Amino acid sequence: MRLLRSCRLLALSGGIACGLLILQGDHAAFSQELRSLPDVTESSGDKAEFYWSRLRYTSSGYGESGYGYGYGGGFGFGFFGWSRDYPKADRQMLMALKRLTRVQMRPTEQVVDLDSDDIFNYPWVYAVQVANWTFTDAEAKRLREYLLKGGFLMVDDFHGTLDWQRFMAGMRQVLPNRPVEELSDNDEIFHVLFDLSERFQVPGEQYVWSGRTYEKDGYIPRWRAIRDDKGRIIVAICYNMHLGDAWEWADMPQYPEKFASLAYRVGMNYIIYGMTH
Amino acid sequence: MFEFLFKYPPAAFERGHLVLLGAWPVWVLILLIVLVAGGLALLDARRLRGISEAGRSWRLGVLWLLQSLLAAFVLVLLWQPAIAVSELRPRQNIVAILVDDSRSMSLKEGGARREDQAIEALRSQLLPAIGSRFETRLYRFDSGLTRVDLAQLGPAQAPATHIGDSLKQLAVETSDLPIGAVVLLSDGGDSSGGVGRDAIEALRRRHIPVHTVGFGAVEGAPDVEVEDVTLATRALAQSRVSAVVKLREHGYDGRRTRIIVRDGGKILTVREITLQGGGAIQAEPIVFDVGGAGAKPLEFSVEPLSTESNQANNTVTRLIDVESQPRRILYFEGEPRWEYKFIRRAAEDDPMVHLASILRTTENKIYRQGIDSPNELVDGFPTRPEDLFAFQGLIIGSVDAGYFTQAQQELIREFAGRRGGGVLFLGGRASLADGVWGGSLAADALPVILPDSHETFHRDPATVSLTPAGELSVICRLVDDPVENAARWDKLPYLMDYQDPGRPKPGAVVLADMHHDGRTMPLLITQNYGRGRTAVLATGGTWRWQMSLPLGDPTHHVFWQQLLRWLVTETPGPVVASVPSPVLLDQSHVRISAEVRDQRYSTAVDASVAARVIGPAGAPQQIELAPVPNDPGRFAADWTVPAAGLYVAEVTARRGSEEIGRDVVPFERLDGVAENFHTEQDRDLLEQLAASTGGRYWQPGELAALARSLPYSQSGLSSRELEDLWNMPANFLLILALRCAEWLLRRKWGIV
């Protein structure tokens, strides 16, 4: 019995140690990724018309993904919270935006929180892994006011039925009574800059080794939205797809160009739409 | 006294000239005066040689001067001075006496009505005095002239006074009669706005002097009167419009009352004011929502005070044409930015403004919003006048001038100057000086002189405040109360960026300032330019008001909706119909004019123009408008307004079978209203009328002198008379005075 208890303790300690090693490895990879980004330290303080604003929210800690379990929770960096693909995806998207449009932007991302009114200075915001988001009542109220005043929210990288339910649990806290609708190919958001009538599922980097475009039971990509009283999209929902990964891994030889290309064009359309409607 | 001393009334001296009737020539008189003066000098010098001293020489000079003056004066009298003056022949001339019969003459002052005072003056003084030398004709006048007997005068109840028309009628009706003079008894209250030049000319041609006798107090009893209301003639439906109510009061200094604006029975706004007193004009700005579309007679009233003698002058009516046709604005933006989005959102909430926009999203792509058809603006900014001039307003965003061709820059300038539209230049990193607009062909239309530098746009916060002009402007009126409104501006969130717009041009008006790091710069500058108007809003960061103020706060949208409406409300169409005044007070004539331009807004001289007038009687009347000589593109017609009421004239211009455009102008004839205003005696008008015809203004106590002055006139049947002056009592008094003065001085100085 005592031997059995010792073995259990040993196994638990080993598990914790392994977990910490994995964690350490993830951080090392993340640091490596940061080092590979263009040096933008000189321009990170620049003032600009457009800031790529990434929403930092409190994660629920589920951290569940199609290909493993993460360590989400709190405000820390990680693969399964607000900072997924951060900041490489953001910066590569900004490079494309600069090259292909007349938007005057800062080349570095801006992290915005819901615990201060500073978010109102950034009328376009991007959020990922929104299956994990949770809000206090004050945060939900602030995000609701942000959207109804004219702010624009793009959400990305959540997959399958369970993720949708968790996303909607947060969304209902923010906008309790506004319906979510499927966007038609004719919707203005798909034509404001590039004509994107033909779209397909954009997988994450996992496609490179799994060959699957879907994750969990999210087999069909869903382009959805929530509108305001005037019919303007205020929340653009990219469900069952991972545009952020496509931006991030666009320079990876193994990642198909067609996914990255569509992801960039969708991202730019959503930005231009958010700046015109 | 004057006539005692000088034998004749002042009029004889005013209208006559001096002559000498002596048989010997004048040079003999002058020579004699010189000789006598010289002789007196020699005589004095010889006789007083012994006592002559240096200190006394000037006193001798004074004595010599007095003696010489006396001698010269006596010599002049020997030459028989006289005055040559035209005099009416007794019993052969007619004096027309006109008595004001309008309602203002029934006002009581000093226990008697003005009209009763006039009739009594006629009965007891004027008629006996004048009638002894001339035939008299008695008339009463209001909006016209009627010959009456004394017994037929009164009571004064006519709703209007047209002094000029009455005098013209008199001149016509008596053209074959020897009218020697006109005596006009009135309080001077003329409801037609004054005596016209044509009436004066009709009298002056016949040399008929008009002697005016003023009745009524020059300064009225305690009273508040609305003098005037300044209000735009056109507005867009559901617009906030501003008006300036000018009032004058006597006897209520410091009292509080209210200005009320009504549309029919509906109160549009109420504003409390403090009366400033002193009889000076007090101007009170007032802002209100004009409501739905239609031609509206708005009532502007000052709430009557308890002891006011005349409450009928507390309300005036002004007509405003509230239009329901939405206006279109073209917004060209050179780069995606938040200001663009939030301006569009503000405009989307305004049903009266449609915003079509062109946004340069990439170097080679434009994105159009608010277009009427798929092909509209497909090639970007218009290159043809007819395409650009189809809009009523134009916004130029963050785009450098070099993006536009020179022809397009000229079109932007002409959009305001020739087309009459509104152009708004926004601040931005490619705007104003940073966009090299100062060197463009559109620079003349800018309301500012741009700075020479090219780094004027800064993404730094700037706070805002209203200028005094902005406090009165409807563009900047976020809340109706002006004090609260100014405080609201002071508390607005900071702008996200600012741009130095340079200096306002002469004639431009700065409505709001912005402040950064202790420096103050104009934020919103407007000016009238050509037929239109232009403005600069030197920021691209007002969107922060919408995002930073609480949810539901209308500040950003209200400001932009008002700015956009200002841009387009006054923008004319191809046809602009007008009348001199939309409210005709006791007037039956109106001149309907129209300015006609084609699609390129060049004057359309070959148009055929007609007006269809619908009045209270219901049956429309068709009027052809004729071209106005020396004014290309302008057409006009005179029309007699048959009765009081509201009229609407729809003017249509055609070129062949093609309709160029149409416009609607409302006007209202109000009878009997003007008589309630300016009830105190208008002495200025009576004095000017008398002076311009060779007559004189008299007070009721001077009627005897008036009667004696009447004969001296060149009109009617008159003859040249010579009136002796040598025997005037004043002459003998002067001789006596000279001799006495010499005697007194000699005694004082001891010179014998």
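Since the model is a prediction, treat every value here as computed from it, not as a measurement. Letters go in sequence order (proteins before strands), and every chain restarts at 1.
- Neither the backbone nor the side chain of B:I343 comes within contact range of chain A; no heavy atoms are under 4.5 Å apart.
- Of the two parts of A:Y273, neither the backbone nor the side chain holds a non-hydrogen atom closer than 4.5 Å to a non-hydrogen atom of chain B.
- No donor-acceptor pair under 3.5 Å is formed between the side chain of B:R544 and the backbone N or O of A:N121.
- Ion pair A:D46/B:R459 not flagged as a salt bridge, since none of the NZ, NE, NH1 or NH2 atoms sits closer than 4.0 Å to an Asp/Glu carboxylate oxygen.
- Both the backbone and the side chain of A:L193 come within less than 4.5 Å of a heavy atom in chain B.
- Classification of A:E49 and B:R429 as a salt-bridged pair fails, no side-chain N sitting under 4.0 Å from a carboxylate O.
- Listed by sequence position, B:K365, B:Y367, B:Q369 are the residues of residues 365-376 of chain B in contact with chain A, using a 4.5 angstrom heavy-atom cutoff.
- Using modelled atom types, one side-chain atom of A:K149 and one backbone atom of B:M547 make a donor-acceptor pair closer than 3.5 Å.
- Between the side chain of B:K341 and the backbone N or O of A:G150 there is at least one donor-acceptor pair closer than 3.5 Å.
- The local environment of CD in A:E182 is crowded, with over 12 non-hydrogen atoms from other residues, nucleotides or ligands closer than 6.0 Å.
- Looking at A:R144, there are no atoms closer than 4.5 Å to chain B (heavy atoms on both sides), in backbone or side chain.
- Side-chain N or O atoms of A:E145 include none that pairs as donor or acceptor with a backbone N or O of B:P550 at under 3.5 Å.
- A distance of 8.5 Å separates NZ of A:K141 from CG of B:L551, quoted to the nearest 0.5 Å.
- For chain A, the option among B:G540, B:G552, B:G334 with the highest count of heavy-atom pairs below 4.5 Å is B:G334.
- Side chains of A:M275 and B:Y340 form no contact here, defined as non-hydrogen atoms less than 4.5 Å apart.
- With chain A as the partner, the residue from B:R344, B:E333, B:E335, B:R360 showing the most heavy-atom pairs under 4.5 Å is B:R360.
- By the 4.5 Å heavy-atom criterion applied to side chains, A:D228 and B:R345 are counted as neighbours.
- Classification of A:K230 and B:D349 as a salt-bridged pair holds, one side-chain N sitting under 4.0 Å from a carboxylate O.
- If you measure heavy-atom distances from A:Q104 to chain B, the contacts under 4.5 Å come from both the backbone and the side chain.
- A:T276 places a side-chain heavy atom less than 4.5 Å from the side chain of B:L359.
- More than 12 heavy-atom neighbours from other residues, nucleotides or ligands sit within 6.0 angstrom of CD on A:E181.
- Rounding to the nearest 0.5 Å gives a distance of 6.0 Å between CZ of A:F50 and CH2 of B:W338.
- The side-chain heavy atoms of A:T101 and B:T361, taken from C-beta on, include no pair separated by under 4.5 Å.
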